[in-house]
Amino acid sequence: MGKIEFIEGLRSFTAQERRNIIIYVAGIMMYKFGLEAFNGSIVALATNRYDYESIQDHTPSRTFERVGLLTGLNQACQCIGSILIAPLVKRYPTKNVISAAVAIFGLCSALLLILDAATGGTFMPVAYRTNHPKNEWSYYGKYNTDAIIPLYCISGVAYGMVELIRRTIPRDIVGGDVQKLRRMDAIVHIFYEVTGTAGAFVTGLVIIPTLGNNMAFIITPVCFGIAAIIWFFITELGFHRNKKAGAKKGPVYWKAAFKSLSLFGESIWVGAKILFSSRKFIWLVPGYAVALYAHRYLENSIAPQIARRYMGESAWAQIMVGGSNLGELLGAASVFLFTNVVHTPVPWLRLDALMLLIVWYIPFWRPPVGDVSQAWIVAATFAPISFGWAAGDVSLGAYIQASLTRLESKNRNVSSLGAVMAFLYSFYIVTYAILSTVLGRYLDAMYNKSGGNNGGSIREGLVYTVGVQFTLVCVLVLAASFVPRGAWAFNPRMVSDEDLTADPPVTNADVDADDASDIRDLTLKHEYQASEVESEGMEQKRTREML
């Protein structure tokens with residue numbers, strides 16, 4: 001976007017809209033920074049605590065089995081949060097709901113701080129900041145590490161609430177104008193990803209080494225509280241209370257929540273039938289859901305494994321995640337810049353698959369322990385991997401929305417788009433929850449077999465959990481890119497013999513207003529939670545679906 005186009009884009013917003021966008025961006029930056037500190041600290045804390053328990057009790061390590069279970073259950077609970085919050089967006093202004101939700105998230109994030117302090121936990125001793133003794137975490141609270149799992153699940157519910165509302169509020173700020181939504185999305189996306197990258201680096205290099213894993217996320221409730229206050233000042237644009245919904249009290253809310261849960265279950269079933277009954281759509285399962293699983297496994301499993309077992313410092317996993325975030329930002333920007341050159345997701349998907357092979361160096365790499373520069377090397381290798389994934393994910397997400405918008409749903413209660421996205425996201429969640437736990441248990445077994453806390457190694461296990469697994473994903477995703485008709489070309493102009501550049505006719509004849517609103521609220525989270533990056537094309541198609 002040139003300077004003139006950028007200025008003209010800003011002028012397209014009214015003064016009140018510009019004010020609200022500034023307020024929203026300020027809040028989203030505070031939220032993202034606190035989120036990076038929270039997620040990064042929790043994973044590092046759990047990794048250290050499970051190792052510490054193993055050392056103190058002289059028991060075999062179970063660290064990565066439990067960390068895999070921890071992250072998998074947290075993501076599953078995000079789905080529950082999105083379902084619970086869906087009925088509220090029809091009763092109250094969105095800006096009030098998101099302010100309340102992020103405040104609740106802040107309180108949930110403080111539970112672990114309270115537990116740690118109540119059981120004797122303190123800030124990391126000053127002397128440890130420059131020379132931290134190996135395997136020494138006596139300043140942690142004296143509680144069973146498994147207690148982190150239910151607390152992290154509770155925070156996952158709150159996380160899901162915030163993320164659902166965060167996806168819908170732009171419409172309240174700038175209305176239904178597609179061009180304004182696209183421009184606002186571009187602005188928000190840039191600040192969101194820049195803050196996420198900075199937050200990951202600052203958490204790993206400054207906050208955790210200064211405060212300790214157990215106290216590093218003390219800034220999270222503060223950041224979330226500030227974000228809640230900032231967002232509260234967004235103007236209520238175009239909100240009209242649903243009188244019928246507003247009159248309902250108490251148990252009716254839970255009835256609506258259970259209705260949302262029922263619709264979500266129905267969506268998964270309908271989505272499976274759509275995907276597995278057509279050559280046009282079946283390739284989306286490996287192309288979207290499996291590729292997403294590989295990306296999350298890279299950040300949430302491989303990074304902590306390398307940081308702890310190779311370098312001896314769990315906090316440095318956040319440096320690697322920062323490099324991954326930077327790659328995502330560049331990948332999404334590339335899709336935006338080359339929209340008129342790369343017409344379909346196929347080239348990006350193939351790039352995504354090939355980039356996965358970079359991880360083969362990890363099992364055979366022997367970096368010196370305690371050298372932070374080695375974490376930056378990993379971050380540099382994660383960047384192109386996440387570049388390929390983000391480019392493929394963003395372009396594929398836009399393709400999914402465009403193609404399914406043209407598919408008339410045969411089900412009165414569920415839209416085709418919502419059903420497919422619900423299935424793909426659920427497929428990813430189940431796959432990650434199972435494999436991250438199973439593969440983590442395998443790595444723990446390799447570690448214990450080779451000596452455990454007395455010099456054990458996971459390199460032999462990483463050959464299979466990293467190299468072989470990502471090669472299989474590469475082959476699967478690459479093969480999927482050749483399934484749709486017309487995809488054998490290097491850069492096809494269209495796939496499945498369908499032109500997706502023209503606006504499709506939009507009809508809501510089969511879905512009444514209340515059902516459409518329920519479906520929209522329920523599925524928005526699952527359409528976008530899979531990725532923290534969105535292209536302008538995705539936003540345009542999403543807007544058409546809502547309209």
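Note that this is a predicted model, so its numbers are computed, not measured.
- The only option from W269, F423, W283, F427 that meets the ring pair (Phe, Tyr, Trp, His ring centres under 6.0 Å) definition with F276 turns out to be F423.
- Judged by distance alone, with hydrogens and angles left aside, the side-chain atoms of E53 form a donor-acceptor pair with the main-chain N or O of T145 at under 3.5 Å.
- Ring centers of W231 and F224: at least 6.0 Å apart, outside the cut-off.
- In this structure, N325 and E36 have side chains that are in contact, with non-hydrogen atoms separated by less than 4.5 Å.
- Y52 has its side chain out of reach of T63: every pair of non-hydrogen atoms, C-beta onward, lies at least 4.5 Å apart.
- Relative to the ring axis of Y140, R49 does not place its NZ or CZ within 45° and under 6.0 Å from the centre.
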Quiz item: Between S41 and T203, does a side-chain contact (heavy atoms from CB on, under 4.5 Å) hold up when you go through it step by step?
Solution: CA-CA 8 Å; S41 299; T203 299; 4.0 Å; yes

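- Applying the side-chain hydrogen bond (donor to acceptor under 3.5 Å, both in side chains) test to Y31 and every residue at least two apart in sequence or in another chain returns E163.
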Quiz item: I42 and I148: side-chain contact (heavy atoms from CB on, under 4.5 Å), yes or no, with the steps?
Solution: CA-CA 8 Å; I42 292 294; I148 296 178; 4.3 Å; yes

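- Other residues, nucleotides and ligands contribute at most 12 non-hydrogen atoms within 6.0 Å of the CZ atom of R441.
- Nearest approach of D352 to A291, heavy atoms of both residues: OD2-CB, 3.6 Å.
- A distance of 8.0 Å separates OH of Y128 from OH of Y139, quoted to the nearest 0.5 Å.
- Residues Y361 and T381 are in side-chain contact: their nearest non-hydrogen atoms beyond the backbone lie under 4.5 Å apart.
- The aromatic rings of H132 and W137 lie tilted to each other, with the angle between the two planes from 30° to 60°.
- Here I149 contributes atom CD1 and L69 contributes atom CG; the two are 4.5 Å apart, rounded to the nearest 0.5 Å.
- Between L112 and L45 there is a side-chain heavy-atom pair separated by less than 4.5 Å.
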Quiz item: Hey, mind stepping through I362 and W365 against side-chain contact (heavy atoms from CB on, under 4.5 Å) and telling me if it holds?
Solution: CA-CA 5 Å; I362 293 175; W365 185 45; 5.6 Å; no

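- Counted within 6.0 Å of CD on E460, heavy atoms from surrounding residues, nucleotides or ligands total 12 or fewer; the atom is thus considered open.
- There is no side-chain donor-acceptor pair under 3.5 Å between R308 and T47.
- You'll find the ring centres of Y159 and F105 inside the 6.0 Å limit.
- The number of heavy atoms from other shown groups lying within 6.0 Å of NZ (K142) is above 12.
- Distance alone, capped at 3.5 Å, places no donor-acceptor pair between the R66 side chain and the Y50 backbone.
- In this structure, Q374 and V378 have side chains that are not in contact, with every pair of non-hydrogen atoms separated by 4.5 Å or more.
- A donor-acceptor pair under 3.5 Å links the side-chain atoms of D444 to the main chain of E65, judged by distance alone.
- Between atom CG of residue N213 and atom CD1 of residue I207 there is a gap of 12.0 Å, rounded to the nearest 0.5 Å.
- At distances below 3.5 Å, not a single donor-acceptor pair connects side-chain atoms of S301 with backbone N or O atoms of L298.
- Side chain to side chain, T465 and Y442 fail the donor-acceptor criterion of an N or O pair below 3.5 Å.
- Contact record, N453 with S54: ND2-OG, 3.1 Å, taken as the closest heavy-atom pair.
- Contact of the D371 side chain with the M311 side chain is not registered, since no non-hydrogen atoms from C-beta on lie closer than 4.5 Å.
- Evaluation of the side-chain hydrogen bond (donor to acceptor under 3.5 Å, both in side chains) rule for N214 yields D116 as partners, not counting sequence neighbours.
- Counting non-hydrogen atoms of neighbouring residues, nucleotides and ligands closer than 6.0 angstrom, the OH atom of Y143 exceeds 12 such neighbours.
- In this structure, CD1 on I154 lies 12.0 Å from CG on L107, to the nearest 0.5 angstrom.
- Here the OG1-CG distance, from T471 to L476, works out to 12.5 Å after rounding to the nearest 0.5 Å.
- Each of F382, W316, F201 was compared with W376 under the ring pair (Phe, Tyr, Trp, His ring centres under 6.0 Å) criterion, and only F201 meets it.
- Annotation for N300 and P304: closest pair O-CG, 3.4 Å, computed over non-hydrogen atoms.
- Looking only at distances, no side-chain donor or acceptor of S450 sits under 3.5 Å from a matching main-chain atom of G456.
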Quiz item: Step by step, would you call D51 with S61 a side-chain contact (heavy atoms from CB on, under 4.5 Å)?
Solution: CA-CA 6 Å; D51 266 0; S61 173; 3.8 Å; yes

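- Between C474 and L356, the shortest heavy-atom contact is N-CD1, 4.0 Å.
- Contact of the P125 side chain with the E136 side chain is not registered, since no non-hydrogen atoms from C-beta on lie closer than 4.5 Å.
- Aromatic ring pairs are classed by plane angle as parallel below 30°, tilted from 30° to 60° and perpendicular above 60°; the pair F364 and W360 is parallel.
- Counting only distance, with no hydrogens or angles, the side chain of S99 and the backbone of N96 share no donor-acceptor pair below 3.5 Å.
- Counting heavy atoms from C-beta outward, V438 and I434 have side chains that approach closer than 4.5 Å.
- Of all the heavy atoms in M320 and A375, the pair that sits closest is CG-O, 4.0 Å.
- Rounded to the nearest 0.5 angstrom, S109 OG and I114 CD1 are separated by 9.5 Å.
- The minimum heavy-atom distance between G287 and L349, with the atom names listed, is O-CD1, 3.3 Å.
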